[in-house]
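Throughout, protein chains are lettered first and strands after them, A, B, ... in sequence-line order, and every chain is numbered starting at 1. No experiment lies behind these values; they were computed from the predicted model shown.
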Amino acid sequence: MFDKIKIAGILLVVGMVAGLAIVGVHTLTEDRIEENRLAMQYEDYVSIFPDMDLTNYEEKALDQDVLTTRITAYDSDGDFLGYIFIGESASYGGTNRVLVGVDSDGRIVKVILSQTQDTANIVQNVIDILDKFEGQAFGEVDYDAPSGATQSYDSIWRVVDAVSLMIEGDPTQEAFESVFEDADSYDVLFDHEDLAFVEEFNIRDADGTILGYAYEIDVDDENTVFLVVDQDDVFKGFVPKDAVDDETQAMIEAYDDHIDTPLVDIDPDTGDILEDAINDLKPLVETTTRVDYDIVVRYKDYIEDDEVVGVTYIVRTDGYNARMIGEVTIVDDELFSFVIRSHNESADWGAIIIDDGDLQEALIDADNPEDVDVKEYTTFDATSGATQTGEAMQRIVVAALEYHNEEGGQ
Amino acid sequence: MAEKKVAKNPMKKKKKNGRLDILTKGFIRENPIFIFLLGMCPALAVTSTMETGLGMGLLVILVLTGSNVVVSLIRNLIPEQIQIPAFIVVIATFVTIVGMLTEAYAFALHQSLGIFIPLIVVNCLIMGRATSFASKNKVSDSAIDGFGMALGFTFALMLIGATREIFASGAIALGVYLPLPFEISIINTEMYLFNMDVFAGPAGGFIVIGVLLALFTAIGNYRQKKKEAERQAWIEQKKKEAAERKRKKAMESAGDAS
Amino acid sequence: MEIVQKSAPHLRKPNANVVRMMSDVAIALSPLVIFAIVQHGMQAFWILLVSVLSMVGTEYVYYQIIDKMNGEKFRINNKSFTIYNFSVVVSGLIYGLTLGDTVPLVVVAIGGIIGVFLAKLIFGGMGQNIFNIAAFARVFVVLAFGGAIAYEAFIDADAGATALGMLAGEARLDGPINDTYSYWTMFSGIGLPGSLGETSALLILVGGLYLFLRKSFDIFVPLTYVGTVFLLSLGVMVSTDAGWWFPATHVLAGGLMFAAVYMATDPITIPTTRPGRIYFAFGLGVVTFIIRLFGNLPEGVVFAILIMNMFVPAIDYHKWARNKFTVKSATIFSLVVIVTIILTAVGVNYV
Amino acid sequence: MISPTVFFVAIVSSMLINNIVLMRFLGVCPFLGVSRKTESALGMSAAVTFVMLVASVLTYILYYLVLDPFGIEYISTIAFILVIASLVQLVEMFIKRFSQKLYKMLGIYLPLIVTNCAILGIVEINIRENYAVQYGFGAGLAVAVTSALGAALGFALVMFAFSSIRERLDAATVPESWKGVPISLVVAGIMALAFLGLGGIV
């Protein structure tokens, strides 16, 4: 019995001495370890701003596709050093985490690839070129890609580009803000091919309500101007995107008198491209009604022999490659015609199904276009991409019908 | 002259200086990794560069010397039954302390060794030296033994690490992980062919150790063969001498008879 | 007393048949070699030459050194050297044909030397190796020189990807292939990017047919291998509504056919019994498909071969290896096949 | 509620992708030492699996109910190794008392397990992965045990394959200086190379 107590006692003593030694060393090293851990956590920040005060910085979550966080860095005197933007972007091996440091002059301090799953050789290739971002000013960043590590590099410049947009601001958005104070976002509606303006935009406020519309006019290669109207088609003036030269500025100012008059009442006589744009837009505004819908829809009366006999819906959706726009005419609540007005499908595969016309016919003839099996109308060789093309066409017809039924064909 | 050399019995070892022998035996003759295959886990895991191998080696030197000394100090106080648990406590204490010191003063090394710092506890080398040497010898010898063995371990780790690093990156760097005041490349071949990623990874670790082991075995075999040949020659000579003596004796007796 | 080895090692030792078998494989490979040179130009020729020479040369030098160390006299023709039965030549050719046409020659040579040394010579030479020599050399080159090969062909899928490479990662079910390559292109290999030897399914089939007629390989291995991948991709096709291009691409576009006919049938590194070979080939198919569908790499055949090679001695293990299927083992195996297909088909929707 | 895929990912990742022997270099000593015969390899694997599961439950509870609340995480190494050592001792006594058959199977491997870095390694990794922070205490425990099970299965898988390869190598004409451990290490290297191909499947 005594033996056992003795053994237990010895073990206890050994354990206690060991414990004491550990606690002693722990108290000695505790502070330093904490310091080191902090330093590791902020290693990337410190390598961008060596003077950064780690106890005093602001962190703001960014609600964006690419950028996740913005860190506002101050030095120990509380002076503003710059921003660190943290972005995440897909690359070959997984998601790359990229840090972009921006100083108070709006120049890039450093770009860091802080987390990646790409192979070492690819990463090395990318890191070699990260240095060239240093000191570049936004607005004139040189994105020359190296041969080789394409996806890795793409993921990095996407982040730098997003930072650039955030610092420099989006010229399109700024242009809209100069007209509508509440403008918060915009989306592209249609491409126009034969008209004086090339693209049409919805301008929305923070709640998503449409404030107005804009039409992009390329005066020449350097100068771009937006024609802006509000949602009642009242002319709000021409606004420049970016800076424009004096000549264009003069053209714009010539229209200042017309601001706040309905577009249809403007009858300019300047003979320039801006006049063409107004003239091209007038008939569109007069004959069509714009609506906001999941798949963007806009409709106008279908007129035959000067008599309104039906409604034509213009529907935009995404095809296999990019936007596809279709015109669906409905007469007496029945599908009457369906034409694809513009698309970007590849000539060999997607376009074949459109040019073929079989699917359009089938969609019109069907009692319920939703039931049409698109795959039957694609050739065997072209299944994959073309199926998506066909499905986009089907979506257009279905959306037009749905809208027509909901709104009662007004 | 030459014959005399051969005549020396190669099986008889010359008496070595005890302390020096204890210190140096771990280097090649009883190298923990290449001969006894102890501590293979760290030998594979932390040798992607020479410097991490060196760092691990330094930690093992501290732990092994320390634990050997303490074990040797308390060897007479600990009853047989609780030897193992008591030694484990001693070793684990040293490992914890060394781990904390590393984290405080060599943080980069601590990060790169990661989980293998606490795992020094289960490194068979340390427990093995504690039970087989330190618990039976006096303090000074135990200290020398621990230091020498750990030195051999460090040497092996550095050799493996250097091989892997040169193949993986074409250069050997120093000062990246250890808190040294400088950061240099000891060797820099700048050859693109040496950028074999695979050697920095696990597969390269296994293969490099395998090849090095085969090399050591081959050298060992060669030496043993040579020794064996020497021994054979010595036996032959002894036989010859005996035969000669016999012949002489016979001749003498024959001469006497005549 | 315990009998350890059921499949005696002498079964694997070189015998008279080896010469015929290996030269048959070399003959079956020759249309592929010609096709590779026609399609990829002289660069293909140099790559194949270097890959064969590096392996042959390493083996020759190695045996000369061994003989020298054993105190034998130097003789030009070495008795252990396996060029006489074409074994090392075939390994070299297969290794060369798995490479892309942009691999630097020096990388080819290093892969050949290390491949034949680490996977064959130190195991005791011909008939003793556990791992497929060509597969090991290819994997070593890919992982060691990822950078050197990657930019053009293998790892960074954006730049000049192989047909199968287009299906890697996120794009695995997108199926852009048929928009780019027709079924005929994938079958004939004309104009299809990829490794030197893997592109032409047609010529591989011709070679396979020749080997089958000469009874130089076990036809069940490639059939099971390709069949497994086909069934699994069929399952995925049904469950994801992908379309026929999906199984077609998986069978035709990658290195599957080449590996199935020339690499998976290497008599040394596959099990000795018929059921064992079928389990082995089934495993190959599953591992290949899983790597292709879920893994980082677009192609999985060489890794699958190495992974299954390591289980060959286990499949051959004397306690359960049988020469014929029993009712029980056949039932269990079919169950495993069905469960695997269902799991893969369902699993693809959750990844 | 934690999704079942977490468990699936945990088991596949610790079994195949981060295989304990080939990728994490834990348990290399038994991998090389006890793999000469397939039977002993399987016995060792069974013993490792058993101890690993129990040890990860015990250490997890110890860490989050005792060490963490009292702020003494820094003694975790010494605490864990003592838990494992006494656990092995207990298991050995328990098995010896109640099942001679099981003792015959596992008995000789149990003492070896105390110095098997696979056990201590997996326990440490479980704590470092912060499962309790990610999923909460209970679910974190389940994930930790699942990944320990995956690690043990991965250990058993490579032990089994490796031991059968070694049995075949014994009959092969391996050159003298490569016999035994060197060739085994090269085989392990090639196995690790092959397992790299599985990267990213979960």
Side-chain angles (χ1 to χ4, degrees), chain C residues 4-5 7-10 12-13 62 66 69 80 117-119 121-132 135-136 139-140 142-144 168-169 287-288 290-297 299-319 347 350-351, chain D residues 3-9 12-13 16-17 19 21-22 35-39 41-42 45 154 156-202:
Chain C
V4 179
Q5 204 96 12
S7 54
H10 66 256
R12 298 179 187 279
K13 278 197 178 148
Y62 175 83
I66 291 293
M69 277 167 72
S80 316
F117 182 72
L118 283 185
L121 297 178
I122 63 168
F123 283 87
M126 160 113 191
Q128 309 287 357
N129 49 318
I130 306 279
F131 296 98
N132 189 301
F136 170 68
V139 164
F140 183 85
V142 166
L143 292 178
V287 177
T288 305
I290 284 179
I291 293 178
R292 281 182 175 184
L293 199 60
F294 304 118
N296 285 338
L297 301 168
E299 180 59 288
V301 287
V302 278
F303 286 100
I305 287 177
L306 282 191
I307 288 176
M308 287 316 291
N309 277 165
M310 76 174 91
F311 292 103
V312 166
I315 296 173
D316 269 347
Y317 194 55
H318 59 94
K319 282 216 173 131
Y350 289 94
V351 179
Chain D
S3 111
T5 47
V6 172
F7 294 104
F8 180 75
V9 168
V12 174
S13 128
L16 297 175
I17 295 158
N19 186 287
V21 180
L22 296 178
S35 59
R36 298 204 66 124
K37 284 264 174 297
T38 306
E39 277 90 357
L42 288 177
S45 306
L157 183 77
V158 293
M159 272 295 261
F160 175 56
F162 191 62
S163 61
S164 55
I165 290 178
R166 283 189 80 168
E167 282 193 12
R168 200 181 130 180
L169 281 178
D170 284 345
T173 54
V174 177
E176 203 186 337
S177 51
W178 289 91
K179 268 218 164 79
V181 179
I183 187 92
S184 308
L185 279 167
V186 172
V187 168
I190 300 178
M191 285 166 84
L193 216 56
F195 266 71
L196 280 180
L198 294 173
I201 58 175
V202 287

Heavy-atom distances under 4.5 Å only: say whether Val187(D) touches chain C with side chain, backbone, both or neither. both
Test item: Ile190(D) and Ile130(C) side chains (from C-beta on) under 4.5 Å apart, heavy atoms: no
Where on Leu193(D) is there a heavy atom nearer than 4.5 Å to chain C: the side chain, the backbone, both, or neither? both
For Ser163(D), check side chain to side chain donor-acceptor pair (under 3.5 Å) against everything at least two apart and list the hits. none
Looking only at heavy atoms, the pair that brings Pro175(D) and Tyr62(C) closest together is CG-OH, 3.4 Å
Please flag which part of Ile66(C) lies under 4.5 Å from any non-hydrogen atom of chain D: side chain, backbone, both or neither. neither
Measure Phe131(C) against the heavy atoms of chain D and call it side chain, backbone, both or neither at under 4.5 Å. side chain
Assert top hit (heavy-atom pairs under 4.5 Å, partner chain D, pool Ala304(C), Gly125(C), Ala119(C), Ala314(C)) equals Ala314(C)
So side-chain hydrogen bond (donor to acceptor under 3.5 Å, both in side chains) across residues 303-315 of chain C, not counting sequence neighbours, yields none
Exercise: identify the closest heavy-atom pair between Val174(D) and Ile122(C): CG1-O, 3.4 Å
From Phe311(C) atom CZ to Met191(D) atom CE, the distance as rounded to the nearest 0.5 Å: 6.5 Å
Picking from Ile165(D), Leu157(D), Leu169(D), which has the most non-hydrogen pairs under 4.5 angstrom with chain C? Ile165(D)
Using heavy-atom distances under 4.5 Å, tell me whether Val186(D) contacts chain C through its side chain, its backbone, both, or neither. side chain
Of all the heavy-atom pairs spanning Ala194(D) and Met310(C), show the shortest one and how long it is. CB-CE, 4.0 Å
From Leu196(D) CG over to Phe303(C) CZ, what is the distance, rounded to the nearest 0.5 angstrom? 6.5 Å
